Amino acid sequence: MKLEAVDFNAPDAAACFVESLRETGFGVLKNHPISQDLVASIYEHWQQFFDSEDKANFRFKPESQDGFFPSDVSEVAKGQKKKDIKEFFHYYPWGQCPETLKDELQDYYEQANGLAQQLLAWVETHSPEDVSARYSQSLSSMIDGSDKTLLRVLHYPPMLGNEEPDAIRAAAHEDINLLTILPAANEPGLQVLGKEGEWLDVPCDFGNIIINIGDMLQEASGGYFPSTTHRVVNPEGADMSKSRISLPLFLHPKPEVVLSERYTAHRYLMERLRELGLI
């Protein structure tokens, strides 16, 4: 099985995109409205930030989860024992951010949120009746006005050769949120676990946008849309000396949104953050 990019402007784009999500947990879009020049500029400027000492001045606040997370507090994926080889910055419009980087990041945040609203509408339109009946409200309205949607700027540093055995850039995991919107990173490495237990490379052509299902959409749809296991593998050879920057937007509903009989969005998020050791 191979993941194919869907042309955002094609007449059947919505149906093909949702079918890909349903079958693989991932959708890949090309010819989408997100500015690639903006993405390239963010990658360049945030590489400079991660290479600087200034990042220590923006250390994250545990109570609000915004700011810089150094590698020594990096996540341990659910069910894993080793920390991921990465550092990252959590951006919320209301949170801390270097002034020189904020306008660009906010522009991207708004563009990606706009695309996300449309993609959630596609998912809802192409949900079977019995699945739609489970949604406590329209999917796009779940994120409308949410201040919990998170833009994470991820930095996977060059490999030094002294990494812990079995540690990788991002161990196999599922995302917590409804959907994740991800521009193709500046280096390959993202893989998704296929239905037959095989790892599939996600197309990383610069200009693609990659979307995957998170646990909250799986919960809200009663499992119809599967939250997909994915990972970022370590580079080899000459690529070991290269950094990798990634820019996932995690779409989070408003805290009070009812996902299922078991969970509100807030309760679900708190449970998973505790599992990750972030709170």
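For clarity, every value in this text was computed on a predicted model and none was experimentally measured.
- One distance of note links CG of L259 with CZ of R134; it measures 12.5 Å at 0.5 Å rounding.
- Salt-bridge check for E99 with K102: failed, with every basic side-chain N at 4.0 Å or more from each acidic carboxylate O.
- The side-chain heavy atoms of N212 and L182, taken from C-beta on, include no pair separated by under 4.5 Å.
- Side chain of D7 to backbone of N9: a donor-acceptor contact under 3.5 angstrom is found.
- Checked by atom type and distance alone, the side chain of T149 never pairs as donor or acceptor with a backbone atom of S146 at under 3.5 Å.
- Among pairs with a residue in residues 252-262, those fulfilling salt bridge (charged side-chain N to carboxylate O under 4.0 Å, His left out) read E219-R262, at least two apart in sequence or across chains.
- Side chain of D107 to main chain of D103: no donor-acceptor pair is present (N/O by atom type, distance under 3.5 Å, no hydrogens or angles).
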### Task
List the steps, then state whether side chain to side chain contact (heavy atoms under 4.5 Å, CB included) holds for I176 with H252.
CA-CA 8 Å; I176 301 171; H252 278 277; 4.2 Å; yes
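- Contact detail for K148 and P255: the closest heavy-atom pair is CE-CG, 3.8 Å.
- Residues satisfying the salt bridge (charged side-chain N to carboxylate O under 4.0 Å, His left out) criterion with R274, sequence neighbours excluded, are absent altogether.
- Using a distance-only test at 3.5 Å, with no hydrogens or angles considered, no donor-acceptor pair links the side chain of S20 to the main chain of C16.
- Q137 places a side-chain heavy atom less than 4.5 Å from the side chain of V257.
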### Task
For S71 and E87, run side chain to side chain donor-acceptor pair (under 3.5 Å): C-alpha distance rounded to whole Å, both residues' side-chain angles, the deciding distance at 0.1 Å, then the answer.
CA-CA 5 Å; S71 56; E87 56 185 358; 5.3 Å; no
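- Listed by chain and number, the residues in a side-chain hydrogen bond (donor to acceptor under 3.5 Å, both in side chains) with D144 amount to none (sequence neighbours excluded).
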### Message
For N57 and F68: C-alpha separation, side-chain torsions, deciding distance, then whether side chain to side chain contact (heavy atoms under 4.5 Å, CB included) applies.
### Response
CA-CA 8 Å; N57 297 323; F68 172 64; over 6 Å; no
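- In this structure, L105 and V153 have side chains that are in contact, with non-hydrogen atoms separated by less than 4.5 Å.
- Think of W199 as one node in a network of Ile, Leu, Val, Met, Phe, Trp and Tyr side chains linked at under 4.5 Å; its network also takes in L193.
- The local environment of CD in E19 is sparse, with at most 12 non-hydrogen atoms from other residues, nucleotides or ligands closer than 6.0 Å.
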#### Entry: Test log, rule side chain to side chain contact (heavy atoms under 4.5 Å, CB included), inputs Y43 and Q47
CA-CA 6 Å; Y43 287 169; Q47 182 67 63; over 6 Å; no
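- The aromatic rings of Y92 and W94 sit parallel, their planes meeting at an angle under 30°, below the 60° perpendicular limit.
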### Query
Going through the distances and angles, do F88 and H90 end up as a ring-ring contact (aromatic ring centres under 6.0 Å, His included)?
CA-CA 7 Å; F88 50 90; H90 278 183; 5.1 Å; yes
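- Side-chain contact check for L29 versus N208: every heavy-atom pair is 4.5 Å or farther apart.
- Checking each of Y91, F89, F69 against F60 for a ring pair (Phe, Tyr, Trp, His ring centres under 6.0 Å) leaves exactly one that passes, namely F69.
- Between the side chains of D66 and S64, at least one donor N or O sits under 3.5 Å from an acceptor N or O.
- Nearest approach of Q111 to L38, heavy atoms of both residues: NE2-CD2, 3.6 Å.
- In this structure, S136 contributes its side chain and V258 its backbone to a donor-acceptor pair below 3.5 Å.
- Atoms CG and CG, from L269 and L150 in turn, are 9.5 Å apart once rounded to the nearest 0.5 Å.
- No side-chain donor-acceptor contact under 3.5 Å links R59 to the backbone of G67.
- The shortest heavy-atom contact between G194 and L200 is CA-CD1, 4.2 Å.
- Under the ring-ring contact (aromatic ring centres under 6.0 Å, His included) criterion, H32 pairs with no residue, sequence neighbours left out.
- Separation of atoms CD1 (I143) and CG (L251) is listed at 4.5 Å; rounding is to 0.5 Å.
- Using a 4.5 Å heavy-atom cutoff, the side chains of T24 and V192 are not in contact.
- Under the 4.5 Å side-chain criterion, counting only non-hydrogen atoms from C-beta, S41 is in contact with E104.
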### Task
Would you sort out whether F26 and I211 count as a side chain to side chain contact (heavy atoms under 4.5 Å, CB included), showing the intermediate values?
CA-CA 6 Å; F26 269 76; I211 298 94; over 6 Å; no
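- Within the structure, every pair that satisfies the side-chain hydrogen bond (donor to acceptor under 3.5 Å, both in side chains) test and touches residues 117-129, not counting sequence neighbours, is listed here: S127-Y135.
- Under a 3.5 Å cut-off, the side chain of Q36 and the backbone N or O of I34 do form a donor-acceptor pair.
- Residue I213 holds its CD1 atom at 7.0 Å from OG of S221, rounded to the nearest 0.5 Å.
- Put simply, L21 and F250 are part of two different groups of oily side chains (I, L, V, M, F, W, Y) that touch within less than 4.5 Å, one to the next.
- Residues F58 and C97 come closest through the heavy atom pair CE2-C, 3.8 Å.
- Side-chain contact between P248 and L154: present, with at least one pair of heavy atoms (C-beta onward) separated by less than 4.5 Å.
- To the nearest 0.5 Å, atoms CH2 (W46) and CG (L247) are separated by 9.5 Å.
- Relative ring orientation between H230 and H173 is described as tilted, the plane-to-plane angle lying within the 30° to 60° band.
- A donor-acceptor pair under 3.5 Å is formed between the side chain of K55 and the backbone N or O of F50.
- In this model, a donor atom of one side chain and an acceptor atom of the other lie less than 3.5 Å apart for E271 and Y263.
- Grouping the Ile, Leu, Val, Met, Phe, Trp and Tyr side chains by contacts below 4.5 angstrom, directly or via other members, places V131 with L179.
- L190 has its side chain within reach of R244: a pair of non-hydrogen atoms, C-beta onward, lies under 4.5 Å apart.
- The CG atom of N177 lies 9.0 Å from the CD1 atom of I181; values are rounded to the nearest 0.5 Å.
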